[in-house]
Participant: 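Sending over a structure as structure tokens; questions will come in a sec.
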Amino acid sequence: MKNYWLMKSEPDAFSIEDLEKRENGTEPWDGIRNYQARNFMRDDMKIGDAVLFYHSNCKTPGVVGVAEIASEAYPDPTAFDSKSKYFDEKSDPENPRWILVDVRFVDKLPRTVSLSEMKETAALKDMKILQRGNRLSITPVAKKEFDHILKMAKS
DNA sequence: GCCAACGTTGGC
DNA sequence: GCCAACGTTGGC
């Protein structure tokens, strides 16, 4: 069974347009330093899973595109790079603490489905992203929520 | 194991 | 830029 996800990114750092421009539209999703998000990548993500690409910390936060999972989880090299802002001296290369998956561009939505609009939509009320104080950068999404957001983007 | 202090996230 | 919510750290 295919799984569905929502992944946040700050467009100033890495936007859906940046993803589209990457070779093969593919980018290693590095820098995840939260255990819950890591465990989703490690335990539940599979190649071909569908992703809602969400822009956070910007003028109009919301879902802007669709991507897909393009690799199994593998060690995040930035954890071992002392020059990286994601460097973690406590991550042992023999037993990596942090992992990542490759994410591939699929589509930009015809329009942004904004966070405020999502909040007003009864069919989306259970989404983790709408729950109070949720800061998780990777959250599972129900297929019907995923489909509903795509439908909203087309209307 | 508790919990205060601290750093980060992210909407507004 | 503000600040509430949250996760992590580290002293005890």
Side-chain angles (χ1 to χ4, degrees), chain A residues 3-22 27-45 49-69 73-142 144-146 148-153 155:
Chain A
N3 290 320
Y4 296 83
W5 305 96
L6 182 144
M7 296 171 83
K8 294 181 190 172
S9 187
E10 301 190 14
D12 287 347
F14 191 79
S15 68
I16 186 76
E17 287 81 12
D18 293 326
L19 182 64
E20 185 175 15
K21 280 184 257 171
R22 285 292 188 273
E27 174 76 0
W29 205 259
D30 60 19
I32 299 293
R33 296 293 180 269
N34 169 282
Y35 289 103
Q36 240 184 308
R38 179 201 69 181
N39 294 347
F40 284 138
M41 292 196 291
R42 186 186 63 194
D43 303 334
D44 301 316
M45 276 188 177
D49 282 0
V51 175
L52 296 171
F53 196 106
Y54 178 93
H55 279 176
S56 68
N57 217 347
C58 56
K59 196 168 166 217
T60 308
V63 177
V64 294
V66 175
E68 65 182 1
I69 302 304
Y74 60 95
D76 181 343
T78 63
F80 312 124
D81 176 2
S82 61
K83 293 189 292 295
S84 169
K85 68 169 173 168
Y86 300 126
F87 177 61
D88 181 356
E89 61 180 2
K90 285 179 254 168
S91 183
D92 173 8
E94 296 300 311
N95 184 20
R97 178 182 298 193
W98 303 114
I99 53 152
L100 53 73
V101 295
D102 292 342
V103 173
R104 182 188 297 126
F105 177 84
V106 174
D107 252 330
K108 279 212 273 191
L109 296 188
R111 66 178 184 84
T112 298
V113 177
S114 70
L115 177 63
S116 60
E117 195 179 350
M118 290 164 68
K119 282 178 179 165
E120 290 165 4
T121 305
L124 302 179
K125 69 175 167 48
D126 292 332
M127 285 187 74
K128 299 239 185 354
I129 186 112
L130 302 183
Q131 282 154 29
R132 184 164 201 256
N134 193 319
R135 305 185 313 172
L136 251 192
S137 62
I138 298 176
T139 48
V141 169
K144 63 177 168 50
E145 295 164 346
F146 185 94
H148 197 86
I149 286 174
L150 297 195
K151 202 173 94 188
M152 287 166 74
S155 64

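Lettering follows sequence order; numbering is per chain, from 1.
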Participant: Return the 5'-most residue of the pair A:Lys90, A:Arg135 with respect to DNA chain C, ranking by each residue's nearest nucleotide.
Facilitator: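 Counting from the 5' end, the first nearest nucleotide belongs to A:Arg135.
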
Participant: Output yes when a side-chain donor or acceptor of A:Glu145 lies under 3.5 Å from a complementary backbone atom of A:Ala123, and no otherwise.
Facilitator: no

Participant: To the nearest 0.5 Å, how far apart are CG in A:Leu52 and CG in A:Leu109?
Facilitator: 7.5 Å

Participant: Provide the start and end nucleotides, 5' to 3', of the part of DNA chain C that has atoms under 4.0 Å from heavy atoms of chain A.
Facilitator: C:dA5 to C:dT9

Participant: Is the shortest side-chain heavy-atom distance between A:Met127 and A:Val141 below 4.5 Å?
Facilitator: yes

Participant: Scan A:Tyr35, A:Phe80, A:Tyr86 and name whichever one has a ring pair (Phe, Tyr, Trp, His ring centres under 6.0 Å) with A:Trp98.
Facilitator: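 It is A:Tyr35; the other options fail the test.
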
Participant: 5'-most contact on DNA chain C: A:Asn57 or A:Gln36, nearest heavy atom basis?
Facilitator: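 Per heavy-atom nearest nucleotide, the more 5' residue is A:Asn57.
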
Participant: Enter the inter-axis angle for the ends of the helix from B:dG1-C:dC12 to B:dC12-C:dG1 (five pairs per end, rounded to 10°).
Facilitator: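 Here the local axes at opposite ends form an angle of 10°.
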
Participant: Please answer whether the main-chain N or O of A:Ser155 pairs with a side-chain N or O of A:Arg111 as donor and acceptor at a distance below 3.5 Å.
Facilitator: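 Yes: the side chain of A:Arg111 pairs with the backbone of A:Ser155.
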
Participant: Looking at DNA chain C, which of residues 120-134 of chain A put a heavy atom within less than 4.0 Å of it?
Facilitator: A:Arg132, A:Gly133

Participant: Under 6.0 Å between the ring centres of A:Phe53 and A:Trp5?
Facilitator: no

Participant: Nearest 0.5 Å, what's the CG-CG distance between A:Asp102 and A:Asp30?
Facilitator: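 The CG atom of A:Asp30 is 10.0 Å from CG of A:Asp102, to the nearest 0.5 Å.
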
Participant: Ion pair present between A:Arg97 and A:Asp88, side-chain N to carboxylate O less than 4.0 angstrom?
Facilitator: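 Result for this pair is yes, salt bridge flagged.
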
